[in-house]
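The analysis underlying the following values was restricted to heavy atoms, covering all of them including side chains, and did not include hydrogens, waters or symmetry mates. What you are looking at is a predicted structure, and each value in this text was computed from that prediction instead of being measured. Note that ligands are numbered from 1 as they come in the structure, with each ligand's atoms numbered from 1 the same way. Heads up: numbering here begins at 1 and tracks the sequence.
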Amino acid sequence: MTKKLAVLGSTGSIGQQTLEVVRAFPHRFHIVGLAAGRNIDLLAKQISEFKPSFVCYQGGKAQTHLAGGKYEFLSLEDIARHPQVDTVVIATSGKSGLNPTLAAVKAGKNVALANKESLVTAGEIITNEANQNSAQILPIDSEHSAIWQCLNGESQDATRLILTASGGPFYRYSPAQLARVTVKQALKHPSWQMGRKVTIDSATLMNKGLEVIEAHWLFNMPYDNIKVLIHPQSIVHSMVEFADGSIKAQLSYPDMRLPIQYALSYPERLNNPQLPRLDWSHVNNLTFDQPDLDTFPCLRLAIEAGMKGGTYPAVLCAADEVAIELFLAQRIKFTDIAHLIQQALAQHQAIDSPALEEIMAADAWAREKVMQLAAGDSQCY
Ligand code: MG
């Protein structure tokens with residue numbers, strides 16, 4: 001049976017790797033929808049290769065450049081809920097993932113989710129809608145895929161989730177060293193090839209904090225029972241502990257095509273010769289270390305925002321997005337990213353169990369607040 005896929009964010013890192021998996025199994029997967037935000041040339045190539053029925057391009061001037069194809073232009077949401085789509089891959093970055101994710105779960109689709117912000121900011125709304133509409137959320141992030149793979153086949157809930165983190169390029173740096181790191185250094189991740197936003201998030205450990213919040217919603221696990229360990233080899237992608245103390249782990253080389261493929265082929269596992277096999281003669285030690293929450297405060301800020309709930313995670317995400325843009329534009333130091341997020345969270349008047357509009361309002365408030373703080377607050381520098 002051929003599964004019909006829509007890939008939202010098809011020209012990004014996860015989107016391109018999703019299409020590599022589709023290319024490896026042309027009889028299993030068929031692309032019916034493609035959506036991209038900026039890279040029109042790559043989108044045009046993908047359209048001519050995969051011949052989708054529906055296309056969304058958000059960068060303007062699409063109709064002229066992409067004209068002539070046998071496809072219909074639809075919004076992200078309309079592609080996500082289209083009756084012809086079986087599984088929606090949400091590979092857009094930032095808050096643009098939220099509305100299509102909601103549209104897909106409301107339509108009862110399987111949602112292969114790579115976008116972090118949607119679950120982090122609106123986890124309660126999305127998981128409720130998914131339950132009500134029998135939509136399945138299939139995690140693509142390597143850590144959540146690992147946890148999901150460890151849980152599959154078990155009849156009892158896990159007692160603890162252990163998320164691993166590579167530690168990023170600045171593992172074991174001192175606060176003074178961190179204050180001096182450059183954009184170029186921060187964009188060089190030791191184990192994963194990813195987009196710019198998530199690469200910086202990995203360097204600050206914010207990425208792991210967002211993943212803790214996601215794990216809370218995906219696996220219905222209290223925050224106190226989610227642990228983070230630094231594992232620089234990036235071979236163990238996460239672990240699950242059960243009532244008897246037994247721990248299961250999922251291991252592989254760090255290659256996003258594996259968790260993408262598992263989300264698409266679940267419950268089956270497909271033999272993809274392109275995926276590297278672990279060579280044990282090259283694996284001589286796997287180490288695990290406690291994260292340093294004083295030097296990398298973003299992880300602590302994220303866990304605290306998750307525990308407080310309400311609109312705090314929306315503020316966390318939005319403040320982080322703007323602070324990263326300021327850092328990439330070389331307007332603030334690396335360590336200012338955490339300072340700005342911390343100040344935005346401290347000044348936020350939160351709302352409990354927010355509606356979608358209140359989440360959006362908190363998001364907009366945080367973006368403006370961080371710009372104000374960066375422009376005027378001498379404490380940041
Ligand atoms: Mg991850």
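- Asn128 and Glu124 form no side-chain donor-acceptor contact under 3.5 Å, judged by distance and modelled atom types alone.
- Taking 4.5 Å as the limit, every side-chain heavy atom of Lys95 sits out of range of all side-chain heavy atoms of Thr121.
- Counting heavy-atom neighbours within 6.0 Å of Arg257 CZ, excluding the residue itself, gives a total above 12.
- When hydrophobic side chains of Ile, Leu, Val, Met, Phe, Trp and Tyr are connected at separations under 4.5 Å, Leu258 ends up clustered with Leu275.
- For the pair Phe54 and Gln84, the minimum side-chain heavy-atom distance is below 4.5 Å.
- Protein N/O/S atoms closer than 2.8 Å to the Mg ion (ligand 1): Asp141 OD1, Glu143 OE1, Glu211 OE2.
- Ring-plane geometry between Phe170 and Phe334 is classed as perpendicular, the angle between the planes exceeding 60 degrees on a 0 to 90 degree scale with a lower cut at 30.
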